[in-house]
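Naming: A, B, ... by sequence-line order, numbering from 1 per chain. These numbers were taken from a predicted model, which means no experiment stands behind them. These values consider heavy atoms only, across backbone and side chains, with no hydrogens, waters or symmetry-generated copies.
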Amino acid sequence: MITSINISQKQYFNWQECLWYLDRGFDDCVYQVRPGCVRRAFEFEGEAVLVDISYANGALTLQWLIGTKSTATINHVHQFVADWFDLETDLTPFYKLLLANQPLAYMAQSFKGLRFVGMPDIFESLAWGIIGQQINLSFAYKLKRRLVETYGTSLLYGDGKYWIFPTPAKLSGLQPDDLRQLQFSQKKAEYLITVAKQFADNALSKNIVLALPDFLSRQKILTSIRGIGVWTANYVLMKSLKERSSIPYGDAGILKALILHGFMKDKTDLQGMDSFYKTFAGWESYLSFYLWRSLANKPEEQETSVMPPSL
DNA sequence: CTCCAGGTATTTT
DNA sequence: AAAATACATGGA
């Protein structure tokens with residue numbers, strides 16, 4: 001079976017750029033990138049499916065490889081994919097801002113059509129935020145894979161295995177020692193289990209956060225949880241809830257990118273960071289995403305570098 | 001050995 | 001209120 005998702009904002013959409021970002025050298029265990037396509041397993045209301053997502057004629061095409069595919073599941077996956085690749089946003093104003101900023105103008109060309117790659121599942125997003133705190137990304141992806149392969153579920157197709165992120169219920173029953181065996185620090189283990197319990201008890205959910213009236217109250221409900229600071233809260237709000245004006249304050253990668261582009265003198269120059277972000281009001285999340293993107297170069301771009309000539 | 005990586009909580013000025 | 005420090009782990 002094949003279904004498709006129309007891309008309403010095609011002007012700045014480049015599937016290859018999105019796929020490249022997904023596969024930029026790290027090992028995310030919840031999807032698999034193949035030529036022109038990304039494969040991912042989903043579970044919704046007890047139904048597990050495996051889908052190949054590719055692009056054709058201005059729409060994303062989903063080939064359903066495994067599963068009984070109820071209408072509810074199809075709708076759920078369609079919504080997930082639309083959120084995952086941010087298909088509804090008109091990027092024209094963002095590209096105008098990029099072009100007006102000399103050190104960043106090259107991005108409008110080099111990254112043209114790259115959509116904000118989200119993480120629609122807020123629990124996975126929170127877990128990933130906790131895992132990623134203060135460690136390098138390679139190690140963070142290793143921890144995520146160990147977690148998923150130990151406590152998640154998988155689908156078999158051909159000779160491949162496709163993993164689905166563990167549920168809050170599954171993780172809520174763990175003890176910190178269980179996660180320490182996967183090389184989680186004591187703190188990360190405690191934080192993650194606490195969050196899992198909140199979701200399992202329905203004390204926290206995507207809808208609960210979405211129902212709050214504004215950004216600050218959403219940030220507050222997240223930072224009130226032990227282990228969730230401003231960085232993690234803002235990260236989750238942008239990756240999972242599409243907050244446009246979220247800034248991952250303190251992010252080591254963002255700071256590095258801002259210094260490389262000449263917007264900050266050093267990592268303590270937080271005022272420089274703030275004033276810089278003000279010029280991208282309404283697009284702070286997209287800008288952050290593009291700054292992260294700038295830290296990874298395609299192999300064929302290494303020599304010519306995607307950075308401005310002055311760098 | 002040192003420093004740091006997509007931080008946070010706690011303690012000390 | 002602001003600054004220093006402890007916490008954990010693997011990689012360069």
Does a side-chain N or O of A/K256 approach OP1 or OP2 of B/dC4 to a distance below 4.0 Å, or not? no
C/dG10 to B/dA9 separation - C1' atoms, rounded to the nearest Å: 22 Å
Atom pair distance, as rounded to whole Å: CG in A/L222 and C1' in B/dG7: 15 Å
Give the B/S/- string for nucleotides 8-13 of chain B, one per nucleotide from 5' to 3', where a protein heavy atom under 4.0 Å of the base yields B, of only the sugar-phosphate yields S, and otherwise -. SSS---
Can a donor-acceptor pair be found, under 3.5 Å and without considering hydrogens, that links the side chain of A/Y290 to the backbone of A/L114? yes
Considering only the P atoms, how many Å lie between B/dT8 and C/dG11, rounded to the nearest integer? 23 Å
Just the rounded figure in Å: distance from C1' of C/dG10 to CZ of A/R145. 18 Å
Which whole number of Å gives the distance between the P atom of C/dA6 and that of B/dT2? 15 Å
Is it true that A/Y21 and A/F289 have ring centroids separated by less than 6.0 Å? yes
Separation of B/dC4 P from A/D251 CG (nearest whole Å): 16 Å
Name the one of A/F85, A/Y95, A/F94 that satisfies ring pair (Phe, Tyr, Trp, His ring centres under 6.0 Å) with A/Y12? A/Y95
Side-chain donor-acceptor pairs of residues 52-62 of chain A under 3.5 Å, sequence neighbours excluded:
from  : atom 1 : to    : atom 2 : distance (Å)
A/D52 : OD1    : A/R39 : NE     : 2.7
A/D52 : OD2    : A/R39 : NH2    : 3.0
A/Y55 : OH     : A/G58 : N      : 3.3

What do you reckon, are the aromatic ring centroids of A/Y106 and A/H261 less than 6.0 Å apart? yes
Within less than 4.0 Å of OP1 or OP2 of B/dA5, is there a side-chain N or O belonging to A/K267? yes
Rounded to the nearest angstrom, tell me the gap between atom CD in A/E190 and atom C1' in B/dG7. 15 Å
Check: A/D214 main-chain N/O paired with A/S217 side-chain donor or acceptor under 3.5 Å: yes
Can you check the A/L255 CG to B/dC4 C1' distance for me, whole Å? 13 Å
Nearest-Å distance, CD1 (A/I135) to P (C/dA12)? 14 Å
Is there a donor N/O on one and an acceptor N/O on the other, under 3.5 Å, for the side chain of A/Q134 and the base of B/dA5? yes
Rounded to whole Å, CG of A/L137 lies from P of B/dG7 at a distance of 8 Å
Is atom NZ of A/K256 surrounded by more than 12 heavy atoms (other residues, nucleotides or ligands) closer than 6.0 Å? no
So what does A/R146 hit on the nucleic acid, given a heavy-atom distance under 4.0 Å: a base, only sugar-phosphate, or nothing? nothing
In whole angstrom, what separates A/F184's CZ from C/dC7's C1'? 16 Å
